[in-house]
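Working notes, beginning with the structure itself.
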2 protein chains.
Amino acid sequence: MAKAYEKIADELRAQIRAGQLEPGDRLPSEADLIKSSGRSGPTVQQALRVLQAEGLIEKQHGRGTFVRRPRTLVQRTNMRHQWEKDRARAPEQKRLETGSTEHDTGLGVNDLVFHAAYREIEAPKEIAAAMGVDEGTALVERTYRTRYNAERNPFSLVTSHLIRDVVKGNPDLLDETKEPWPGGTWNQLLTVGIEIDRIEDRVTARPPTVEEAEELGLPPGTSVLVLRKTSYDTDNRIVEMSDVTLPGDRTEMLFTTHLERW
Amino acid sequence: MAKAYEKIADELRAQIRAGQLEPGDRLPSEADLIKSSGRSGPTVQQALRVLQAEGLIEKQHGRGTFVRRPRTLVQRTNMRHQWEKDRARAPEQKRLETGSTEHDTGLGVNDLVFHAAYREIEAPKEIAAAMGVDEGTALVERTYRTRYNAERNPFSLVTSHLIRDVVKGNPDLLDETKEPWPGGTWNQLLTVGIEIDRIEDRVTARPPTVEEAEELGLPPGTSVLVLRKTSYDTDNRIVEMSDVTLPGDRTEMLFTTHLERW
DNA sequence: GAGTGGTCTAGACCACTGT
DNA sequence: CAGTGGTCTAGACCACTCC
């Protein structure tokens, strides 16, 4: 006994996969589906909800229901790590020219809008454990939002943590008005004598929280990539840790691993 | 004017985040919520659906609605690539002992169950483009399922593509009954004189398709990590490409990037 | 104003779980 | 059997989009 809403969903899904309904096409209106299926409104709506949760369709209030366009625009690579390290020691003129986000996106500085906020906090349990410090250790927490000039919503949410005692040698590092800092965090760390040796990127996926969906402007039926980036210095200490939330449907992360030759 | 279902969802979400409702706790029954909120059944259900889509709660038919337990069990690292390469040239006895999945999970061969199937196909457009070959090129498509002995559902779905002409020198590579092959794909490639030079891992996230949700046993309100692994040989040719689907809520991918010293 | 999706009601009956 | 969530009906009214 197939459930009524599943039957409706299956039919529409088959049409989308077969290409009878192409990305951008409008689906039959709910009223049409009610008539053609002989089912009630809520049943038809449940069928559409299923497809929406699969990321196949997108509802637009007052306009109709449409087949979603796949999109993967922003690529984020681990080559950026070496690039960022090199840039940290470049002359200031060069450092001013471009940031790591422009490196990823291939855009100029003027196409992007940054916002940064700093505050000092005491390390909560989870952060302390991940950074290998005691709970309550003084940290500098920095949050960043980056968006395209032409768009309303940012395409990444970043929260970065530094250990206060490690960076206090340069008071500018505690001052958010110095952002954007030419040469980025790595140049900041260089000013207090820190060299980064390796990066660990931890990636998981989950549905967005309401707050993330709101800030990133994510429609229902999308996932976020959650990236925790941990930076180790040449003494094998964790000197920075960032949590990055990225929209799953427009981000591709690329990691290249070179292997030893035989 | 706050929507009724949002108000109910907000209240429950606040209780979960505050820890008044802990992971594993049962939420009030729908009947209770109908009474306490003064709203109708469908409205209460919509509130619960919202929380389910956020991955916060889990409904169990006939038992109740529960706060979901966070879980991240399987870790998959890019160190495995070098490890796999080294293993490919190890003596057969050593190669028999363990596979790359055991390497990731830290388990023995007997804790895991593998299933492999081979077939020959003509490269469809998308695959051909990604592998840099002509559409219609003869490929060997291999699908793998790996699961814990104790569990019903696999924790990864793998589809791997090899170029038929590249591997035809060893007929065993076209025979699925030879699986599991000691030393894995890389040893297979070694038998036809191929050495892997670098790996590219591309990661995105999205909600599961119905088929993926079914096979992986994913509850509503979870995402999948989609990994496309491309292997380049020492002549910079693509010799293998795998598409891997992993449950987002129990997988963590770890990529380590070592940087050049100053 | 016509057409679309969004929210909501007040029920009914079914399917699954545990005692 | 009682209690739970799952499905479904037949409507009502609201909010948004586009002409």
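Order of the sequence lines fixes the chain letters, A, B, ..., with proteins taken first and strands second; residue numbering starts at 1 for each chain.
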>> Using the side-chain heavy atoms of A/Lys59, tell me which of these nucleotides is nearest: D/dT17, D/dT9, C/dG6.
In response: C/dG6

> So which nucleotide from C/dG5, C/dA10, D/dT9 ends up closest to the side chain of A/Glu30?
Replying inline: C/dG5

> Of the nucleotides C/dG18, C/dA10, C/dT4, which one has an atom closest to the side chain of A/His61?
Replying inline: C/dT4

> Would you say D/dT4 has OP1 or OP2 under 4.0 Å from some side-chain N or O of B/Ser29?
Replying inline: yes

> Side-chain N or O of B/Ser40 less than 4.0 angstrom from OP1 or OP2 on C/dG11?
Replying inline: no

> From C/dT7, D/dG5, D/dT7, pick the nucleotide closest to the side chain of A/Tyr5?
Replying inline: D/dT7

> Between OG1 of A/Thr256 and CZ of B/Phe255, what distance do you get to the nearest 0.5 Å?
Replying inline: 10.0 Å

> Is B/Glu141 salt-bridged to B/Arg119, going by a charged N under 4.0 Å from an acidic O?
Replying inline: yes

> Toward the 5' end of DNA chain C, which comes first, A/Gly62 or A/Gln45, by nearest nucleotide?
Replying inline: A/Gly62

>> Using whole Å, what does the distance between atom P of nucleotide D/dG6 and atom CD of B/Glu58 come to?
In response: 11 Å

> Is the distance from OP1 or OP2 of D/dG5 to the nearest side-chain N or O of B/Thr65 less than 4.0 Å?
Replying inline: yes

>> Counting only side-chain heavy atoms from C-beta out, which of D/dC8, C/dC8, C/dA15 sits nearest to B/Ala4?
In response: C/dC8

> Between D/dG11 atom C1' and A/Lys35 atom NZ, what is the distance in whole Å?
Replying inline: 16 Å

> Touch check for B/Arg26, heavy atoms < 4.0 angstrom, all strands: base, sugar-phosphate only, or nothing?
Replying inline: sugar-phosphate

> When rounded to the nearest 0.5 angstrom, what is the spacing between CG in A/Leu12 and CG in A/Leu21?
Replying inline: 7.0 Å

> Could you give the CD-to-P distance, from B/Glu6 to D/dA15, as a whole number of Å?
Replying inline: 14 Å

> Taking the side chain of A/Pro42 as heavy atoms from C-beta outward, which of D/dC18, C/dG11, D/dA10 is closest to it?
Replying inline: D/dA10

> What integer distance in Å separates A/Lys3:NZ from D/dG5:P?
Replying inline: 17 Å

> Whole-Å distance between D/dA15 C1' and A/Arg63 CZ?
Replying inline: 15 Å

> Which pair of non-hydrogen atoms, one from A/Val158 and one from A/Val244, has the smallest distance, and what is that distance?
Replying inline: CG2-CG1, 4.0 Å

> Taking CD1 from B/Ile8 and C1' from C/dC8, how many angstroms apart are they, rounded to a whole number?
Replying inline: 11 Å

> Does atom CD of B/Gln60 have more than 12 heavy-atom neighbours from other groups under 6.0 Å away?
Replying inline: yes

>> From CG of B/Leu27 over to P of D/dG5, roughly how many Å is that when rounded to an integer?
In response: 9 Å

> Of all the choices, D/dG5, D/dT7, D/dT17, which nucleotide is nearest to the side chain of A/Gln46 once you look at every atom?
Replying inline: D/dT7

>> Please report the distance, rounded to the nearest Å, between CZ in A/Arg39 and C1' in D/dT7.
In response: 10 Å

